[in-house]
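The structure under discussion appears below in the form of structure tokens.
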Number of protein chains: 2
Amino acid sequence: MMTAKATSLDVARLAGVSQSAVSRVFSGASASKSTALKVRKAADELGYRPNSLARAMITGKSRIIGLVVAYLDNQFYPVALERLSNALKEQGYHILVFMAENAQDSISNVVQELIDYQVDGIITASVAMSSDLTQRCAVAGIPVVMFNRGQDGSGHSSITSANVEGGRRVADFLARAGHKRIAHIAGWEGSSTGRDRRRGFIEGLMDHNFEPLDVLDGMFDRDVASQAARTLMARADAPDAIFVGNDHMAFAVMDTLRHELGCKIPQDVSVIGYDDVPLAQWAAYDLTTLRQPVRRMVEATVETLIGKIEDPERPAQKIEIDGPLIARGSARKPEGWTQ
Amino acid sequence: MMTAKATSLDVARLAGVSQSAVSRVFSGASASKSTALKVRKAADELGYRPNSLARAMITGKSRIIGLVVAYLDNQFYPVALERLSNALKEQGYHILVFMAENAQDSISNVVQELIDYQVDGIITASVAMSSDLTQRCAVAGIPVVMFNRGQDGSGHSSITSANVEGGRRVADFLARAGHKRIAHIAGWEGSSTGRDRRRGFIEGLMDHNFEPLDVLDGMFDRDVASQAARTLMARADAPDAIFVGNDHMAFAVMDTLRHELGCKIPQDVSVIGYDDVPLAQWAAYDLTTLRQPVRRMVEATVETLIGKIEDPERPAQKIEIDGPLIARGSARKPEGWTQ
DNA sequence: TCCCTTTTTGCATACGAATGCACAAACCTT
DNA sequence: AAGGTTTGTGCATTCGTATGCAAAAAGGGA
């Protein structure tokens with residue numbers, strides 16, 4: 001039983017070779033069969049493993065990706081986190097996770113700390129970057145990819161679903177199902193996803209010569225969304241359909257409608273969400289929603305980020321990935337609708 | 001606009017002092033007002049920040065904690081992750097997250113990689129460590145704290161809720177509510193939490209001279225738990241109450257009971273879970289459950305881990321934290337029950 | 001077998017910050 | 001003002017690994 005962790009020098013001595021030889025064996029550089037064998041044997045004996053930190057120091061690559069995430073209570077993010085983690089692991093990267101409240105200086109601190117740790121890249125999930133931060137990352141040469149949030153003119157790549165198109169599709173679905181008084185509890189106005197879905201939704205209604213009955217900002221928050229639902233249903237011309245800016249809020253809205261206001265879904269009101277988190281298909285909610293294709297979004301995110309790490313010259317890209325509307329039981333379906 | 005990140009040497013030159021002076025200013029060691037001022041000014045000018053990796057190399061402390069987590073789809077863990085992250089951040093630590101399937105060699109790889117990154121400590125959430133791994137951590141001098149999972153004889157500290165007592169309390173609650181045919185869909189038999197809750201539950205029933213109608217292993221899995229519910233309800237003497245080993249499975253059970261088997265909860269069957277995740281109080285479920293006091297568990301975890309990091313001689317401790325039964329609408333209440 | 005090319009190998013140095021040591025400066029004390 | 005003490009500072013070294021360079025070994029061709 002060893003008492004201290006062995007270094008490459010220890011291995012070198014035991015194997016009767018130089019430290020550089022050991023390094024080369026473990027970093028995959030050229031080495032003869034015979035030395036590789038000796039080194040491996042000695043290493044096993046000592047329980048040696050290269051020190052990732054030291055390696056990072058010298059190569060300038062830590063193989064760590066920083067992940068900044070804000071809303072962990074929204075099931076979409078744990079799922080995305082898991083997928084991102086697995087995808088990056090396959091590429092030999094690891095994830096340093098930072099929680100941030102969605103406030104500028106919190107994010108600023110968090111990103112600065114990531115820079116201090118010399119991460120090779122940063123993924124922000126539903127978090128915006130100030131231009132100052134953008135600048136700092138640029139100086140440090142750290143590429144940033146924004147997941148599920150776009151930001152014009154930031155110079156960062158972003159991966160989102162096709163939110164405008166998605167909103168439009170929801171509108172079309174509801175209009176074709178014969179709804180007349182259609183309201184929207186939108187995602188936070190300060191986010192591109194919230195704005196885009198909203199815009200697409202309104203445009204989509206316009207295509208049917210409709211106007212939304214009302215549009216309220218749900219701030220991606222359960223309580224705010226519930227309150228918005230109460231407000232809507234208190235109207236004399238209460239809506240017969242509500243499009244909610246994401247599933248997380250939609251669940252709160254459904255709970256409020258059913259258990260507090262005594263509405264039947266979808267008989268009295270249709271409810272549609274956005275994301276298609278796993279919860280959406282649980283029988284208790286059975287939520288009709290626009291699916292964000294997490295798997296493909298994650299793939300695109302990882303590929304974009306690693307591409308930029310390996311070739312810093314690669315220009316930023318904005319990728320939008322389309323997703324289908326998943327019709328379930330929370331919303332009346334248009335005549336002749338086939339999934 | 002700088003083009004490359006500045007080092008302490010750059011700052012030293014600009015400030016007209018030695019590199020050691022810069023280091024001392026930033027590491028809080030002694031330095032005169034005047035040099036501190038010069039250094040700070042120069043550092044600001046260059047946008048200098050100490051390189052955490054280099055710092056980690058020399059001090060031997062990375063200020064990174066590794067977190068190994070398995071079931072991210074169970075809302076308990078995202079919540080715990082968020083709390084852990086915040087608590088550690090306050091202590092100046094950061095979290096390197098690793099997902100692991102609950103299979104020995106996956107965990108083994110993951111822990112090994114954490115060791116490679118020289119983490120100062122490891123927290124495992126609902127994951128067991130093989131004795132080989134335990135050994136490797138010991139050699140590397142890395143303390144391990146197990147969160148929400150105990151393991152006898154591992155030599156690691158563990159923080160759990162008082163699972164035996166909790167199971168007992170659930171049994172008492174159901175028996176006193178007048179239930180006669182009480183079944184249990186248990187947490188995975190391979191986990192201490194699953195076993196302890198189950199044991200406490202059975203003991204608690206025995207105190208009332210009851211026996212459980214049946215005990216099935218739900219494997220902490222929604223599908224397995226749903227299947228178990230079907231099995232139970234297919235019996236001639238179907239249960240009038242089911243204690244489910246955690247909330248995550250309880251939701252699946254409730255969905256199955258209500259929407260597939262047409263049962264009324266709690267009129268036909270009472271359902272009780274374990275954890276009290278945020279979802280449990282959503283109106284759709286309104287789940288009676290035994291609360292795991294996450295906040296206090298997290299505090300204890302962080303304190304135990306940091307204590308051991310700062311004083312490696314400190315012996316391992318097993319901490320159990322008691323939590324209350326939260327009576328909601330999914331289970332009939334005993335006569336005269338007051339929260 | 002000899003010379004030329006290719007592959008291995010060791011040496012020395014670098015990465016960026018922290019720290020023991022010895023010396024210089026500042027502060028007290030009487 | 002001299003001696004003693006505390007505080008501040010620079011020099012040199014260290015952490016563990018990777019890598020350019022030059023020398024050594026191995027391989028190949030005629």
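Predicted, not measured: the structure shown is a model, and the values here were computed from it. Note on naming: letters A, B, ... go to the chains in the order of the sequence lines (proteins, then strands), and numbering restarts at 1 for each one.
- Under the side chain to side chain donor-acceptor pair (under 3.5 Å) criterion, B:R13 pairs with no residue, sequence neighbours left out.
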Going 5' to 3' through nucleotides 12-21 of chain D and flagging B where a protein heavy-atom sits under 4.0 Å of the base, S where only the sugar-phosphate is that close, and - otherwise, we get B-BBBBBBB-
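- Listed by chain and number, the residues in a side chain to side chain donor-acceptor pair (under 3.5 Å) with B:S157 amount to none (sequence neighbours excluded).
- Using a 4.0 Å cutoff to heavy atoms of chain A, the contacted part of DNA chain C runs 5' to 3' from C:dT8 to C:dG16.
- The stretch residues 304-319 of chain A participates, sequence neighbours left out, in no side-chain hydrogen bond (donor to acceptor under 3.5 Å, both in side chains) pair at all.
- The residues B:R40 and B:D44 are annotated as not salt-bridged, no charged nitrogen and carboxylate oxygen being separated by less than 4.0 angstrom.
- In terms of heavy atoms, B:V119 sits closest to B:L96 at CG1-CD2, 4.4 Å.
- In this entry the distance linking NZ of B:K33 with P of D:dT7 reads 13 Å, nearest Å.
- Every pair passing ring-ring contact (aromatic ring centres under 6.0 Å, His included) that includes a residue from residues 20-47 of chain A is listed here, sequence neighbours excluded: A:F26-A:Y48.
- The aromatic rings of A:H94 and B:Y117 sit perpendicular to each other, their planes meeting at more than 60°, with 30° as the lower class boundary.
- Checking each of A:D73, A:V69, A:L72 against A:P78 for a side chain to side chain contact (heavy atoms under 4.5 Å, CB included) leaves exactly one that passes, namely A:L72.
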